[in-house]
Amino acid sequence: MHLAAAPSCRRTHSNERPVLLNLAVETNDSSATAPGSGRSVVSMDGVSKVFSNGTVALTDMSVDVRPGEFVSLLGPSGCGKSTALRIIAGLGEPSAGSVNWPLSRINARGLPEGDVGFVFQEPTLMPWQTVFGNVYLPLKLRGQSKSAVRKQVMDMLALVGLADFADAYPRELSGGMKMRVSIARALVTRPKLLLLDEPFAALDEITRQKLNDDVLMLWRQSGVTVIFVTHSVYESAYLSSRVLVMKARPGRVCADIALDPPRERDESYRISEKYRQTCELVSDALRDAMNERRLQHG
Amino acid sequence: MAEAADKTVAAETEEERPAPPATPLSERLLRIGVPVGMFAAAILAWHLYIVVNEVPHYILPSPGAVATSLWNDWSTLAPALLVTLRITFTALALALIGGVGLAIILVQSRWIELALFPFAVILQVTPIVAIAPLLLIYAPDTQSALLICAFLVAFFPILSNMVQGLKSVDHNLLNLFDLYGATRWQTLLHLKLPASLPYFMAGLRIGGGLALIAAVVAEFAAGSAGAGSGLAFRLLESQYRLNIPRMFAALVLLTATGVAIFGLTSLISWLSLRRWHESALRREN
């Protein structure tokens, strides 16, 4: 079915360019996100991915992510957003196209040396290690001794509010706390790029909002560039400086929406008119993406 | 702030801590009392049966006669026990090294697994009693034949559990190790081996029990060729001499050894998993 649908989709949309929208009203500090300025942290160049069962997960995806951006990949399930993230992380080879790292030193496997942190949908902690041991892991794999990096790990734990739980085992933590350990582990190597794959999808709304605020806080403090995969309009509108709306079958980017950089977002922003407008804009873009698909199939 | 809420949750459990529901004394007495009481009752019933029916001791000895035999024949039984223990534990140690080692090699590549696994299965499914006579011919001496038999039996559950464990590692964690450029050795040491520890422990518990059984079975197969060897030989010898109480005494020693091995492997398993694995945690709702 996917095989049959793919060629027709391609034909219909081969001339289509992603819609560029700009909602940045106060553009005084959005220079980092302005198109064309500076070099990318990572750029995907015509990346396609076809799985061995014939499913076309991504077609011709080209995205430049600039330093300091907070990019959300938003789309329905099956639109290839997680696949795109995994390809960026080097966890899967693209079938066509390439991923480039203009700002990083590249290692033998074609990946940036220690410049990427990844947070999975599940906390993905090692149950036999303490919280400290889990966060220490990336440094251990680099051959750094525990005593040399103890402070670095503890500082990271303090930053996510888990300094008191360094000796606890993952099973003793709540879902939100486990996710924070996972984030601390991703950030402990001080990466240039942090990739998050629907990290809070399994959490309750309250915990999720708190963690959203935490991620924003970490983003502001560390200056890390973030690519955040989500299927929540509200989450993407709250967090991002840029939202890439994706479409399924075959997966591709169909709208590139620049937002105000989320410097001052907090509880009051959540109930502001501006947030509502942003949500509406993103929501419309997503609906367009979904409708087109329905028309094709209808 | 975000962490505040989580901390309050933790604080509640740590500071205000309502007294944990202590296991009542009666409950604890019950846990020890019931099995011990049942055991004593069974022995008493055995004793009464003998006394009431006046069963001759060469058909079924009384518990007292067995205890007496255990005491009087200790000088014969103790060396035999040592021999059986030595074979069992040497075989188990070899099976652990061989099982874990081969499992690590098997999961390295699909080719190796396809090539070697059939041999492991063939060795496992062939009844040990059937190959024991052959081993007795080929092995340099009886002791090493017994050792090989016990090894072959204990080896397979450890191997297959370990292979299963090494393959059941969380794929996301494997991805994570890939992401950080972990070497094969690092992935094995820091991820695959710890993740398969629960499987290894299951294999150890099964293998421990089987090593003893195989040691005894092999000795039976060796028969009189194993002159002056382990407990199984003493069992046979007592049977030929119609010394039924001593036969029972040897049986008691074998059972006790089995229970001890089970207890020991369970303890090792609990000690190594108690901090993190579900199987070793007390469930509390």
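Each chain gets a letter, A, B and so on, in the order its sequence line appears, and its residues count up from 1.
In this structure, the portion of A:R86 lying under 4.5 Å from any heavy atom of chain B is its side chain and not its backbone. Heavy-atom distances place no part of B:L197 under 4.5 Å from chain A, backbone and side chain included. Proximity to chain B (any heavy atom under 4.5 Å) is shown, for A:L173, by neither the backbone nor the side chain. Only the side chain of A:Y169 comes within contact range of chain B, with at least one heavy atom under 4.5 Å from a heavy atom of that chain. In this structure, the portions of B:N172 lying under 4.5 Å from any heavy atom of chain A include both its backbone and its side chain.
No more than 12 heavy atoms of other residues, nucleotides or ligands sit less than 6.0 Å from atom OH of A:Y234.
Judged by the 6.0 Å distance and 45° axis criteria, A:R150 is positioned over the aromatic ring of A:F132.
Between A:L218 and A:L194, the closest side-chain pair of non-hydrogen atoms is not below 4.5 Å.
Side-chain polar atoms of A:S72 and A:S236 form no donor-acceptor pair below 3.5 angstrom.
Interface check for chain A: of the options B:T183, B:N175, B:D170, the most heavy-atom pairs under 4.5 Å are formed by B:N175.
For A:D155 and A:K151, the salt-bridge test passes: some basic side-chain N is under 4.0 Å from an acidic carboxylate O.
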